[in-house]
S.K.: 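Before I ask anything, here is the structure I am working with.
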Amino acid sequence: MIGNDVVDLSDPESSRDARHPRFDHRVFTPEEVRSLPTDHSDLQKRWILWSAKEAAYKAARRESAEVVFSPTRFVVELDRSLCGTVRYGIRRWPARVQIDGDCVHAVVSEDASFAGILSGARRLTSTELCDPSEAVRRFTLSSIATELDLAIADLRIEKIDRIPQLILAGRAVPAALSLSHHGSYAGFACRAPRIGKADRISQCVTAGGFAHSSRGLSHAASSTSIAYRPQVEQGDLR
Amino acid sequence: MDQTEIFEKVVKILTPYVKNQQALEGVSLATHILDDLKVNSARLVDVVLEFEDAFDIEIDDDDVDKVETVGNAVELIEAKIG
(Lines give C-alpha, C1' and ligand atoms only; values in the text may rest on other atoms or scores of the structure.)
Protein backbone atom coordinates (compact mmCIF):
# COMPACT_ATOMS: atom_id res chain seq x y z
CA MET A 1 0.00 0.00 0.00
CA ILE A 2 1.06 3.57 -0.59
CA GLY A 3 0.08 7.03 0.53
CA ASN A 4 1.13 10.58 -0.20
CA ASP A 5 0.50 14.05 1.12
CA VAL A 6 1.45 17.48 -0.11
CA VAL A 7 1.66 20.71 1.89
CA ASP A 8 2.07 24.21 0.48
CA LEU A 9 4.22 26.09 2.96
CA SER A 10 3.29 29.42 1.39
CA ASP A 11 -0.43 28.88 1.92
CA PRO A 12 -1.84 31.03 4.74
CA GLU A 13 -3.19 27.82 6.30
CA SER A 14 0.37 26.68 6.91
CA SER A 15 1.45 29.76 8.80
CA ARG A 16 2.19 29.75 12.50
CA ASP A 17 -0.63 32.15 13.23
CA ALA A 18 -3.19 29.89 11.58
CA ARG A 19 -2.66 27.06 14.02
CA HIS A 20 -4.53 26.51 17.25
CA PRO A 21 -2.18 26.87 20.26
CA ARG A 22 -2.72 23.20 21.13
CA PHE A 23 -2.18 21.93 17.58
CA ASP A 24 1.35 20.61 18.12
CA HIS A 25 0.47 18.65 21.22
CA ARG A 26 -2.63 17.27 19.55
CA VAL A 27 -0.86 15.85 16.50
CA PHE A 28 2.75 15.24 17.48
CA THR A 29 4.32 12.87 19.97
CA PRO A 30 6.28 14.47 22.81
CA GLU A 31 9.49 13.47 21.05
CA GLU A 32 8.31 15.02 17.79
CA VAL A 33 7.36 18.22 19.61
CA ARG A 34 10.83 18.34 21.14
CA SER A 35 12.34 17.92 17.67
CA LEU A 36 10.64 21.06 16.40
CA PRO A 37 13.07 23.94 16.23
CA THR A 38 12.28 27.25 17.83
CA ASP A 39 13.53 29.34 14.93
CA HIS A 40 12.04 30.14 11.53
CA SER A 41 12.63 26.60 10.25
CA ASP A 42 9.97 25.15 12.55
CA LEU A 43 7.29 25.69 9.92
CA GLN A 44 8.92 23.41 7.39
CA LYS A 45 9.69 20.68 9.91
CA ARG A 46 6.20 20.78 11.35
CA TRP A 47 4.66 20.11 7.95
CA ILE A 48 7.28 17.50 7.09
CA LEU A 49 6.10 15.55 10.11
CA TRP A 50 2.45 16.19 9.38
CA SER A 51 2.70 15.16 5.72
CA ALA A 52 4.43 11.90 6.65
CA LYS A 53 1.69 11.10 9.17
CA GLU A 54 -1.05 11.91 6.68
CA ALA A 55 0.60 9.84 3.94
CA ALA A 56 0.94 6.88 6.30
CA TYR A 57 -2.68 7.22 7.36
CA LYS A 58 -3.77 7.03 3.73
CA ALA A 59 -1.73 3.88 3.27
CA ALA A 60 -3.10 2.42 6.48
CA ARG A 61 -6.69 3.14 5.48
CA ARG A 62 -6.17 1.11 2.32
CA GLU A 63 -5.23 -1.84 4.46
CA SER A 64 -8.03 -1.45 6.97
CA ALA A 65 -11.06 0.78 7.18
CA GLU A 66 -10.81 0.44 10.96
CA VAL A 67 -7.71 2.62 11.14
CA VAL A 68 -8.38 5.87 12.99
CA PHE A 69 -6.59 9.07 12.08
CA SER A 70 -4.97 9.63 15.41
CA PRO A 71 -1.90 11.68 14.46
CA THR A 72 0.06 11.00 17.64
CA ARG A 73 -0.21 7.26 16.97
CA PHE A 74 1.59 7.73 13.65
CA VAL A 75 5.16 8.15 14.80
CA VAL A 76 7.54 9.72 12.30
CA GLU A 77 11.22 8.83 12.32
CA LEU A 78 13.22 10.49 9.56
CA ASP A 79 16.94 10.91 9.09
CA ARG A 80 18.66 14.01 7.82
CA SER A 81 17.86 13.13 4.24
CA LEU A 82 14.18 12.96 5.20
CA CYS A 83 14.01 9.22 4.65
CA GLY A 84 12.84 6.88 7.36
CA THR A 85 9.66 5.31 8.61
CA VAL A 86 6.25 6.04 10.02
CA ARG A 87 5.11 3.64 12.74
CA TYR A 88 1.53 2.89 13.68
CA GLY A 89 1.46 0.29 16.42
CA ILE A 90 3.43 -2.67 15.15
CA ARG A 91 3.04 -1.53 11.53
CA ARG A 92 5.87 0.37 9.94
CA TRP A 93 5.96 2.09 6.55
CA PRO A 94 9.10 3.29 4.80
CA ALA A 95 8.71 7.01 4.18
CA ARG A 96 10.45 9.77 2.39
CA VAL A 97 9.74 13.46 2.20
CA GLN A 98 10.88 15.73 -0.58
CA ILE A 99 10.98 19.48 -0.54
CA ASP A 100 11.02 21.88 -3.45
CA GLY A 101 10.63 25.50 -2.51
CA ASP A 102 7.31 25.80 -0.70
CA CYS A 103 6.22 22.28 -1.55
CA VAL A 104 6.51 19.46 0.99
CA HIS A 105 5.66 16.06 -0.48
CA ALA A 106 5.63 12.87 1.57
CA VAL A 107 5.31 9.37 0.16
CA VAL A 108 5.09 6.13 2.13
CA SER A 109 5.33 2.66 0.67
CA GLU A 110 5.56 -0.95 1.75
CA ASP A 111 8.97 -1.18 0.14
CA ALA A 112 11.89 0.88 1.42
CA SER A 113 13.41 0.92 -2.05
CA PHE A 114 10.28 2.59 -3.40
CA ALA A 115 10.71 0.44 -6.48
CA GLY A 116 7.75 0.57 -8.80
CA ILE A 117 6.42 3.75 -7.24
CA LEU A 118 5.60 6.64 -9.52
CA SER A 119 5.10 9.88 -7.67
CA GLY A 120 5.33 13.59 -8.12
CA ALA A 121 4.19 17.00 -7.05
CA ARG A 122 3.95 20.26 -8.87
CA ARG A 123 2.52 23.75 -8.63
CA LEU A 124 -0.91 24.19 -10.15
CA THR A 125 -1.63 26.91 -12.67
CA SER A 126 -4.04 29.69 -11.83
CA THR A 127 -6.62 28.03 -14.06
CA GLU A 128 -6.13 24.66 -12.38
CA LEU A 129 -6.58 26.24 -8.96
CA CYS A 130 -10.24 26.79 -9.81
CA ASP A 131 -10.71 23.04 -9.42
CA PRO A 132 -7.70 21.49 -7.66
CA SER A 133 -9.41 18.12 -7.27
CA GLU A 134 -9.74 17.84 -11.03
CA ALA A 135 -6.25 19.25 -11.52
CA VAL A 136 -4.60 16.62 -9.34
CA ARG A 137 -6.41 13.92 -11.31
CA ARG A 138 -5.25 15.36 -14.62
CA PHE A 139 -1.70 15.66 -13.33
CA THR A 140 -1.73 12.09 -12.07
CA LEU A 141 -3.28 10.63 -15.19
CA SER A 142 -0.91 12.56 -17.41
CA SER A 143 2.09 11.29 -15.44
CA ILE A 144 0.85 7.69 -15.51
CA ALA A 145 -0.01 7.86 -19.19
CA THR A 146 3.44 9.19 -20.02
CA GLU A 147 5.25 6.67 -17.86
CA LEU A 148 3.28 3.69 -19.12
CA ASP A 149 2.93 4.92 -22.68
CA LEU A 150 -0.85 4.98 -22.60
CA ALA A 151 -3.40 7.35 -24.06
CA ILE A 152 -4.66 9.61 -21.30
CA ALA A 153 -8.14 9.36 -22.80
CA ASP A 154 -8.21 5.68 -21.78
CA LEU A 155 -7.54 6.49 -18.15
CA ARG A 156 -9.66 8.00 -15.44
CA ILE A 157 -9.81 8.05 -11.66
CA GLU A 158 -12.85 7.21 -9.59
CA LYS A 159 -13.22 7.20 -5.84
CA ILE A 160 -14.53 3.96 -4.40
CA ASP A 161 -15.19 4.07 -0.65
CA ARG A 162 -13.26 7.36 -0.60
CA ILE A 163 -10.17 5.65 -2.05
CA PRO A 164 -9.02 6.72 -5.54
CA GLN A 165 -9.07 3.94 -8.08
CA LEU A 166 -7.36 3.94 -11.47
CA ILE A 167 -9.68 2.95 -14.30
CA LEU A 168 -8.30 1.83 -17.65
CA ALA A 169 -10.61 1.35 -20.62
CA GLY A 170 -13.56 1.21 -18.25
CA ARG A 171 -12.11 -1.35 -15.88
CA ALA A 172 -10.45 -0.98 -12.51
CA VAL A 173 -6.69 -1.48 -12.56
CA PRO A 174 -5.08 -3.11 -9.51
CA ALA A 175 -2.85 -0.12 -8.93
CA ALA A 176 -2.54 1.60 -5.57
CA LEU A 177 -3.13 5.30 -5.99
CA SER A 178 -2.97 8.24 -3.62
CA LEU A 179 -3.86 11.84 -4.46
CA SER A 180 -3.29 15.06 -2.57
CA HIS A 181 -3.56 18.77 -3.04
CA HIS A 182 -3.04 21.74 -0.80
CA GLY A 183 -2.74 25.40 -1.59
CA SER A 184 -1.04 25.78 -4.95
CA TYR A 185 0.35 22.25 -5.12
CA ALA A 186 -0.86 18.83 -6.18
CA GLY A 187 0.84 15.52 -5.50
CA PHE A 188 0.29 11.86 -6.12
CA ALA A 189 1.85 8.45 -5.63
CA CYS A 190 1.03 5.34 -7.59
CA ARG A 191 2.24 1.80 -7.54
CA ALA A 192 1.46 1.26 -11.16
CA PRO A 193 1.66 -1.91 -13.16
CA ARG A 194 3.23 -2.05 -16.57
CA ILE A 195 0.55 -1.87 -19.20
CA GLY A 196 1.54 -2.32 -22.80
CA LYS A 197 -0.47 -0.62 -25.48
CA ALA A 198 -1.14 -3.87 -27.31
CA ASP A 199 -2.20 -5.99 -24.39
CA ARG A 200 -3.57 -3.56 -21.86
CA ILE A 201 -7.22 -4.36 -22.34
CA SER A 202 -6.90 -8.13 -22.62
CA GLN A 203 -4.68 -8.25 -19.55
CA CYS A 204 -7.04 -6.03 -17.69
CA VAL A 205 -9.91 -8.35 -18.39
CA THR A 206 -8.31 -11.74 -18.12
CA ALA A 207 -5.38 -11.59 -15.80
CA GLY A 208 -6.92 -9.88 -12.84
CA GLY A 209 -3.62 -8.11 -12.46
CA PHE A 210 -0.57 -6.98 -14.30
CA ALA A 211 3.08 -7.79 -14.25
CA HIS A 212 5.04 -5.06 -12.64
CA SER A 213 7.31 -3.11 -14.85
CA SER A 214 10.62 -4.76 -15.53
CA ARG A 215 12.14 -1.37 -16.14
CA GLY A 216 10.64 -0.11 -12.94
CA LEU A 217 9.02 3.21 -12.37
CA SER A 218 11.13 6.04 -11.25
CA HIS A 219 10.19 8.05 -8.26
CA ALA A 220 10.39 11.10 -10.43
CA ALA A 221 7.32 11.65 -12.55
CA SER A 222 8.88 13.05 -15.68
CA SER A 223 9.36 16.77 -15.78
CA THR A 224 6.63 17.50 -13.29
CA SER A 225 8.06 15.64 -10.37
CA ILE A 226 9.83 17.34 -7.55
CA ALA A 227 13.48 16.82 -6.92
CA TYR A 228 14.99 16.43 -3.51
CA ARG A 229 16.45 19.78 -2.61
CA PRO A 230 16.42 20.44 1.11
CA GLN A 231 15.96 24.13 1.71
CA VAL A 232 17.23 24.29 5.24
CA GLU A 233 19.43 22.33 7.54
CA GLN A 234 17.12 19.46 8.37
CA GLY A 235 18.61 18.30 11.62
CA ASP A 236 17.58 14.97 13.01
CA LEU A 237 13.85 14.59 13.32
CA ARG A 238 14.08 11.50 15.45
CA MET B 1 -28.23 24.23 24.52
CA ASP B 2 -30.50 22.73 21.86
CA GLN B 3 -29.44 21.17 18.56
CA THR B 4 -30.15 24.32 16.57
CA GLU B 5 -27.88 26.38 18.80
CA ILE B 6 -25.13 23.76 18.58
CA PHE B 7 -25.52 23.65 14.79
CA GLU B 8 -25.19 27.41 14.51
CA LYS B 9 -22.14 27.44 16.73
CA VAL B 10 -20.55 24.57 14.81
CA VAL B 11 -21.09 26.36 11.50
CA LYS B 12 -19.65 29.57 12.92
CA ILE B 13 -16.51 27.70 14.02
CA LEU B 14 -16.20 25.95 10.66
CA THR B 15 -16.72 29.08 8.57
CA PRO B 16 -13.13 30.45 8.57
CA TYR B 17 -11.83 27.07 7.40
CA VAL B 18 -14.33 26.51 4.59
CA LYS B 19 -13.02 26.71 1.03
CA ASN B 20 -16.27 26.01 -0.74
CA GLN B 21 -18.38 29.05 0.02
CA GLN B 22 -21.24 27.79 -2.12
CA ALA B 23 -21.53 24.68 0.04
CA LEU B 24 -21.39 26.86 3.14
CA GLU B 25 -24.35 28.90 1.92
CA GLY B 26 -26.45 25.75 1.77
CA VAL B 27 -24.93 24.08 4.82
CA SER B 28 -27.09 21.51 6.60
CA LEU B 29 -26.66 18.60 8.96
CA ALA B 30 -25.94 16.41 5.92
CA THR B 31 -23.10 18.59 4.63
CA HIS B 32 -19.79 16.70 4.50
CA ILE B 33 -17.06 18.68 6.22
CA LEU B 34 -14.13 17.52 4.08
CA ASP B 35 -15.81 16.67 0.78
CA ASP B 36 -18.41 19.45 0.58
CA LEU B 37 -17.00 22.28 2.65
CA LYS B 38 -13.44 21.37 1.55
CA VAL B 39 -11.99 21.88 4.99
CA ASN B 40 -8.36 20.77 4.94
CA SER B 41 -7.54 17.73 7.07
CA ALA B 42 -4.93 19.63 9.07
CA ARG B 43 -7.39 22.43 9.71
CA LEU B 44 -9.91 19.86 10.93
CA VAL B 45 -7.59 19.46 13.90
CA ASP B 46 -7.93 23.18 14.60
CA VAL B 47 -11.70 22.92 14.21
CA VAL B 48 -11.89 20.10 16.75
CA LEU B 49 -9.75 22.07 19.21
CA GLU B 50 -12.08 25.02 18.77
CA PHE B 51 -15.08 22.76 19.42
CA GLU B 52 -13.39 21.71 22.66
CA ASP B 53 -12.86 25.32 23.68
CA ALA B 54 -16.29 26.56 22.65
CA PHE B 55 -18.27 23.77 24.28
CA ASP B 56 -15.86 23.01 27.15
CA ILE B 57 -15.57 19.37 26.18
CA GLU B 58 -12.85 16.90 25.26
CA ILE B 59 -12.97 15.12 21.94
CA ASP B 60 -10.61 12.22 21.39
CA ASP B 61 -9.31 10.99 18.06
CA ASP B 62 -11.69 8.03 17.98
CA ASP B 63 -14.59 10.48 18.24
CA VAL B 64 -13.13 12.71 15.53
CA ASP B 65 -12.80 9.75 13.20
CA LYS B 66 -16.56 9.27 13.26
CA VAL B 67 -17.27 12.87 12.31
CA GLU B 68 -17.82 13.22 8.59
CA THR B 69 -20.78 15.58 8.37
CA VAL B 70 -21.86 18.70 10.20
CA GLY B 71 -24.62 16.57 11.68
CA ASN B 72 -22.09 14.09 13.05
CA ALA B 73 -20.30 16.97 14.77
CA VAL B 74 -23.53 18.34 16.21
CA GLU B 75 -24.55 14.91 17.52
CA LEU B 76 -21.13 14.32 19.06
CA ILE B 77 -21.14 17.67 20.82
CA GLU B 78 -24.72 17.20 21.95
CA ALA B 79 -23.78 13.87 23.52
CA LYS B 80 -20.69 15.34 25.17
CA ILE B 81 -22.44 18.28 26.79
CA GLY B 82 -25.27 15.98 27.85
Side-chain angles (χ1 to χ4, degrees), chain A residues 3-9 11-28 43 46-58 60-61 64-74 88 104 106 129-134 159 161-162 179-183 185, chain B residues 9-27 29-73 75-77 79-81:
Chain A
N4 97 116
D5 190 53
V6 68
V7 176
D8 180 355
L9 297 176
D11 191 275
E13 284 190 337
S14 303
S15 71
R16 290 169 195 80
D17 296 340
R19 290 191 317 275
H20 190 284
R22 298 202 304 280
F23 181 91
D24 287 351
H25 291 279
R26 180 78 185 208
V27 304
F28 300 130
L43 193 69
R46 179 171 284 102
W47 294 117
I48 286 170
L49 292 172
W50 169 269
S51 63
K53 288 170 185 279
E54 181 87 18
Y57 168 69
K58 290 176 180 175
R61 258 320 257 268
S64 170
E66 304 301 314
V67 174
V68 171
F69 185 50
S70 180
T72 54
R73 290 182 220 167
F74 287 85
Y88 179 81
V104 175
L129 284 171
C130 296
D131 189 350
S133 295
E134 174 60 19
K159 275 201 171 179
D161 294 332
R162 299 178 59 80
L179 309 177
S180 177
H181 63 81
H182 178 246
Y185 289 94
Chain B
K9 211 165 175 178
V10 163
V11 172
K12 188 177 178 184
I13 289 169
L14 281 166
T15 295
Y17 304 105
V18 171
K19 290 182 179 169
N20 184 349
Q21 294 303 317
Q22 196 174 356
L24 184 62
E25 287 168 14
V27 67
L29 292 171
T31 301
H32 200 287
I33 296 172
L34 297 181
D35 293 348
D36 296 331
L37 298 177
K38 305 292 184 191
V39 173
N40 177 270
S41 56
R43 303 320 305 271
L44 190 57
V45 174
D46 294 310
V47 167
V48 168
L49 292 170
E50 287 202 37
F51 286 165
E52 290 186 339
D53 294 343
F55 296 99
D56 194 22
I57 56 176
E58 287 188 9
I59 304 173
D60 62 34
D61 292 331
D62 292 318
D63 289 330
V64 176
D65 203 59
K66 299 184 186 90
V67 174
E68 294 187 348
T69 65
V70 173
N72 294 152
E75 288 167 10
L76 173 65
I77 292 164
K80 292 276 181 188
I81 62 178

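So you know, we letter chains A, B, ... as the sequences are listed, proteins then strands, and number each from 1.
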S.K.: Strictly below 4.0 Å, N to O, side chains only: are B:Asp61 and A:Arg73 in salt-bridge contact?
M.R.: no
S.K.: Could B:Asp46 and A:Arg26 be called an ion pair, given the rule that one side-chain N must be under 4.0 Å from one carboxylate O?
M.R.: no
S.K.: By a 4.5 Å heavy-atom criterion (distance strictly below it), what part of B:Asp35 contacts chain A: side chain, backbone, both, or neither?
M.R.: side chain
S.K.: Is chain A contacted by the side chain of B:Val64, its backbone, both, or neither, given a heavy-atom distance below 4.5 Å?
M.R.: side chain
S.K.: Against B:Ser41, only a single residue in A:His182, A:Glu54, A:Lys58 fulfils side chain to side chain donor-acceptor pair (under 3.5 Å); can you say which?
M.R.: A:Glu54
S.K.: Which of the residues A:Ala18, A:Ser133, A:Pro71, A:Ser14 is involved in the greatest number of heavy-atom pairs with chain B at under 4.5 angstrom?
M.R.: A:Ala18
S.K.: Would you indicate whether B:Glu58, at its atom CD, is surrounded by more than 12 heavy atoms from other residues, nucleotides or ligands within a distance under 6.0 Å?
M.R.: no
S.K.: Might you work through the side-chain contact (heavy atoms from CB on, under 4.5 Å) test for A:Glu13 and B:Lys19, ending with a clear yes or no?
M.R.: CA-CA 11 Å; A:Glu13 284 190 337; B:Lys19 290 182 179 169; 3.2 Å; yes
S.K.: How far apart are the closest heavy atoms of A:Tyr57 and B:Asp65, and which atoms are they?
M.R.: OH-OD1, 3.9 Å
S.K.: Report the option among A:Val68, A:Asp5, A:Val7 that has the most heavy-atom pairs separated by less than 4.5 Å from atoms of chain B.
M.R.: A:Val68
S.K.: Looking at B:Asp62, I'd like to know if its CG atom is crowded, meaning that more than 12 non-hydrogen atoms belonging to other residues, nucleotides or ligands lie closer than 6.0 Å.
M.R.: yes
S.K.: Heavy-atom distances under 4.5 Å only: say whether B:Lys66 touches chain A with side chain, backbone, both or neither.
M.R.: neither
S.K.: Looking at A:Trp50 and B:Ala42, what are the two nearest heavy atoms and their distance?
M.R.: CZ2-CA, 3.4 Å
S.K.: Does any backbone or side-chain atom of B:Leu34 lie under 4.5 Å from a heavy atom of chain A? Answer side chain, backbone, both or neither.
M.R.: side chain
